Amino acid sequence: MGKSDFLSPKAISNRIKSKGLQKLRWYCQMCQKQCRDENGFKCHCMSQSHQRQLLLAAENPQQFMDYFSEEFRRNFLELLRRRFGTRRVHNNVVYNEYISHREHIHMNATQWETLTDFTKWLGREGLCRVDETPKGWYIQYIDRDPDTIRRQQEQKRKKKQDLDDEEKTAKLVEQQVRRGLEGKELEMPVYTELSRENKDGKVTFKLQKGASTSVATSSQTSVLALKMVEGAVKRTGAAHCSGQPKKKMKKSALDEIIELEEEKKRTSRTDYWLQRDIIVKIVTKKPEGRYHKKKAVVKEVIDKYAAIVKVIDSGDKLKLDQTHLETVIPAPGKKVLVLNGGYRGNEGILESINEKRSSVTITINSGPLKGRRVEDIQYEDVSKLA
């Protein structure tokens with residue numbers, strides 16, 4: 001009797017029974033066939049196709065074992081990397097999730113007899129960090145992806161550069177203080193013994209102007225520096241009012257420090273730009289292209305490079321990487337947020353859009369820079385606020 005039709009009750013019943021996981025003892029790894037009961041497995045072992053597979057495996061059994069071992073290792077590590085990242089997790093938790101896939105490679109077809117042997121092998125090969133506890137073996141994936149290593153090196157380089165800038169600023173301040181103190185001799189206080197000529201008279205004290213503590217000296221130096229700056233500003237204003245030609249004046253220490261900080265902010269850029277409460281556009285076509293070109297609001301930023309966004313039309317929440325998103329430029333007059341560069345984190349009002357240069361002009365309306373007009377901000381450095 002031939003096989004039943006695809007829509008016959010018997011065929012439908014067989015497909016329902018074959019759904020989900022079955023017993024491991026009735027699975028043939030060589031043929032990759034799962035049997036439902038002992039009788040089915042016995043009939044399969046007596047079939048000609050199974051006998052041919054056994055003859056092939058008998059010619060070179062090590063080759064088949066190496067193939068299954070490599071497939072098991074690759075799929076297991078891929079699941080560990082995607083599902084758990086570099087977190088420390090129990091090996092049995094990862095294995096249970098791995099075997100939930102029906103077409104997985106079974107461990108009894110590999111070179112490892114138990115999960116513990118496989119875990120120890122991962123530690124010896126340097127693929128994972130493993131440690132044994134009273135609760136069992138724990139594993140932690142070691143990410144050796146070139147992009148991840150490059151990103152970590154870039155972060156270390158930027159951190160070192162920031163430390164170098166701080167050291168340069170400290171040396172500049174020290175040089176300015178030393179330059180201001182050159183040619184000035186500090187008056188040392190003179191201490192005398194307290195003696196009373198008239199015991200009935202009142203006790204009075206006279207303090208010299210030069211007798212001051214180090215804290216007072218430092219405060220006087222700061223006040224003197226501020227007065228020098230104010231005097232320079234007044235002289236400059238007076239020269240403009242009187243119509244006299246402008247003279248090039250020497251910059252003070254405070255002016256040099258301020259210019260150094262401004263230059264550092266203008267040139268400081270990062271490779272991450274996601275911020276909360278901004279509107280972005282989804283550019284990825286996965287999954288199934290349902291959200292392609294849809295606008296969403298960033299609800300939460302995860303590890304600087306990923307975010308949980310809420311689609312405006314449907315209200316669905318997705319976890320996406322920043323490479324799958326792009327900024328949204330609103331119409332002039334709308335609120336925007338600066339995402340990168342020296343003005344990162346400042347809110348502003350969009351004034352105009354320059355399509356030829358792919359840049360915008362904004363007016364900052366928050367923080368200490370309120371009212372400042374900033375030009376030539378690139379599209380990718382600014383986005384609409386929700």
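Keep in mind that this is a model prediction, so the values were computed, not measured.
Clustering ILVMFWY residues whenever any of their side-chain heavy atoms sit less than 4.5 angstrom apart, transitively, puts Val311 in a cluster other than the one holding Val283. A continuous path of hydrophobic side-chain contacts links Tyr95 to Val130 [ILVMFWY only; heavy atoms under 4.5 Å]. A continuous path of ILVMFWY side-chain contacts below 4.5 Å connects Leu77 to Leu79, so both sit in one hydrophobic cluster. No continuous path of hydrophobic side-chain contacts links Phe84 to Tyr138 [ILVMFWY only; heavy atoms under 4.5 Å]. Hydrophobic clustering places Ile139 together with Ile99 (ILVMFWY residues linked when any side-chain heavy atoms are closer than 4.5 Å, directly or through intermediates).
Side chains of Asp316 and Tyr291: a donor-acceptor N/O pair is present below 3.5 angstrom, by distance only.
Listed here is the closest heavy atom pair of Met107 and Leu115: SD-N, 3.6 Å. Scanning both residues, Ser366 and Asn346, for their nearest heavy atoms gives O-OD1, 3.9 Å. Heavy atoms only, all atoms of each residue included: Ser383 and Leu339 are closest at CB-CD1, 3.8 Å. The shortest non-hydrogen separation linking Arg357 to Gln378 is O-OE1, 3.6 Å. Nearest heavy-atom pair, Thr270 versus Asn340, reported as atom, atom and distance to 0.1 Å: O-ND2, 2.8 Å. Residues Arg276 and Lys299 come closest through the heavy atom pair NE-O, 3.1 Å.
The neighbour count for Glu113 CD, taken as heavy atoms of other residues, nucleotides or ligands under 6.0 Å away, does not exceed 12. Counting non-hydrogen atoms of other residues, nucleotides and ligands closer than 6.0 Å to CG of Asn60 gives a total above 12. Taking a 6.0 Å sphere around OH of Tyr305, one finds it holds more than 12 heavy atoms contributed by other residues, nucleotides or ligands.
Between Arg88 and Asp131, at least one side-chain nitrogen of the basic residue sits less than 4.0 Å from a carboxylate oxygen of the acidic one, meeting the salt-bridge criterion. Ion pair Glu78/Arg74 not flagged as a salt bridge, since none of the NZ, NE, NH1 or NH2 atoms sits closer than 4.0 Å to an Asp/Glu carboxylate oxygen. Using a cutoff of 4.0 Å between basic side-chain nitrogens and carboxylate oxygens, Glu70 and Arg73 are scored as salt-bridged.
Taking CD of Glu38 as the reference point, atom SG of Cys43 lies at 10.5 Å (rounded to 0.5 Å). One distance of note links CZ of Arg290 with CG of Leu318; it measures 8.5 Å at 0.5 Å rounding. Note that the CD1 atom of Ile349 and the CG atom of Asn365 stand 4.5 Å from one another [nearest 0.5 Å]. Between Asp66 atom CG and Glu71 atom CD the span is 12.0 Å, to the nearest 0.5 Å. In this structure, Ser69 OG and Trp112 CH2 are separated by 4.5 Å, a value rounded to the nearest 0.5 Å. Expressed to the nearest 0.5 Å, how far OG1 of Thr86 lies from CD1 of Ile142 amounts to 10.5 Å.
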Going through the checks in order, is the side chain to side chain contact (heavy atoms under 4.5 Å, CB included) test met by Gln140 and Arg87?
CA-CA 6 Å; Gln140 184 178 5; Arg87 289 180 297 169; over 6 Å; no

Go through the steps to decide whether Val298 and Val280 satisfy the test side chain to side chain contact (heavy atoms under 4.5 Å, CB included), and finish with yes or no.
CA-CA 7 Å; Val298 177; Val280 293; 4.1 Å; yes

Could you walk me through whether Thr361 and Asp376 pass the side chain to side chain contact (heavy atoms under 4.5 Å, CB included) test, one step at a time?
CA-CA 6 Å; Thr361 300; Asp376 290 336; 5.7 Å; no

Would Lys171 and Glu174 satisfy salt bridge (charged side-chain N to carboxylate O under 4.0 Å, His left out), going step by step from the backbone distance to the final call?
CA-CA 5 Å; Lys171 288 182 180 180; Glu174 185 180 356; over 6 Å; no

Assess the residue pair Lys304 and Trp273 against the criterion (side chain to side chain contact (heavy atoms under 4.5 Å, CB included)); give the C-alpha distance rounded to whole Å, side-chain angles, the decisive distance to 0.1 Å, and a yes or no.
CA-CA 8 Å; Lys304 298 181 181 180; Trp273 53 269; over 6 Å; no

Chi angles and distances behind the salt bridge (charged side-chain N to carboxylate O under 4.0 Å, His left out) call for Lys335, Glu347:
CA-CA 7 Å; Lys335 288 186 177 181; Glu347 298 181 6; 5.2 Å; no

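For the side-chain hydrogen bond (donor to acceptor under 3.5 Å, both in side chains) with Thr363, the qualifying choice from Lys370, Arg373, Glu351 is Glu351, the only one to do so. When each of Asn91, Val89, Asn96 is tested with Val93 by the rule side chain to side chain contact (heavy atoms under 4.5 Å, CB included), just one qualifies, namely Val89.
Proximity of the aromatic rings of Phe118 and Phe76 is defined here by a centroid distance below 6.0 angstrom, and this criterion is met. In summary, the aromatic rings of Phe72 and Tyr98 are positioned with their centroids under 6.0 Å apart.
The shortest distance between side-chain heavy atoms of Gln322 and Tyr272 falls below 4.5 Å. For the pair Glu154/Arg157, a side-chain contact is recorded, criterion being any heavy-atom separation below 4.5 Å from C-beta on. Side-chain contact between Leu350 and Ile329: present, with at least one pair of heavy atoms (C-beta onward) separated by less than 4.5 Å. Using a 4.5 Å heavy-atom cutoff, the side chains of Val382 and Thr327 are not in contact. For the pair Gln275/Arg344, a side-chain contact is recorded, criterion being any heavy-atom separation below 4.5 Å from C-beta on. Counting heavy atoms from C-beta outward, Val360 and Ser352 have side chains that stay 4.5 Å or more apart.
With sequence neighbours left out, the side chain to side chain donor-acceptor pair (under 3.5 Å) criterion links Thr116 to no other residue.
Between the side chain of Gln51 and the backbone N or O of Cys45, at least one donor-acceptor pair lies under 3.5 Å. The backbone N or O of Ile377 sits nowhere less than 3.5 Å from a side-chain atom of Ser359 that would complete a donor-acceptor pair.
Geometric assessment of Arg81 against the ring of Tyr141 yields a negative cation-pi assignment under the 6.0 Å and 45° thresholds.
By the 4.5 Å side-chain criterion applied to Ile, Leu, Val, Met, Phe, Trp and Tyr, Ile279 is assigned to a cluster that also includes Val297, Ile312, Val328.
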